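Side chains are part of it too, since the values below use all heavy atoms of this structure and drop only hydrogens, waters and symmetry mates. Quantities reported herein were computed from a predicted structural model and do not represent experimental measurements. We number each residue from 1, following the sequence as shown.
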Amino acid sequence: MSEQDVEDADDTLFAHPPRVVRRWVCGCGMDYPCTDVLFARLVKATAEADK
């Protein structure tokens, strides 16, 4: 490895720090809202609009 490779690695590590990401996860394990939830919401919204 060259000295430049080490400097580039330092720059990359500085530019890409770890971060905490919080996200909602559905009961089925997919990101929330999953496709099933989106479809159920669509059905409910359509039923409410028809009233």
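Among residues two or more places apart in sequence or in another chain, the side chain to side chain donor-acceptor pair (under 3.5 Å) test is passed with Asp31 by Arg23. Residues satisfying the side chain to side chain donor-acceptor pair (under 3.5 Å) test with Arg19, not counting sequence neighbours, are none.
Of all heavy-atom pairs spanning Val37 and Tyr32, the tightest one is CG1-OH, 3.8 Å.
Summarising the geometry, atom OG1 belonging to Thr35 is positioned 6.5 Å from atom CE belonging to Met30; distances are rounded to the nearest 0.5 Å.
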Residues 5-17, side-chain donor-acceptor partners within the protein, below 3.5 Å, at least two apart:
from  : atom 1 : to   : atom 2 : distance (Å)
Asp5  : OD2    : Ser2 : N      : 3.2
Asp5  : OD2    : Ser2 : OG     : 3.4
Asp8  : OD1    : Gln4 : NE2    : 2.8
Thr12 : OG1    : Asp8 : O      : 3.0

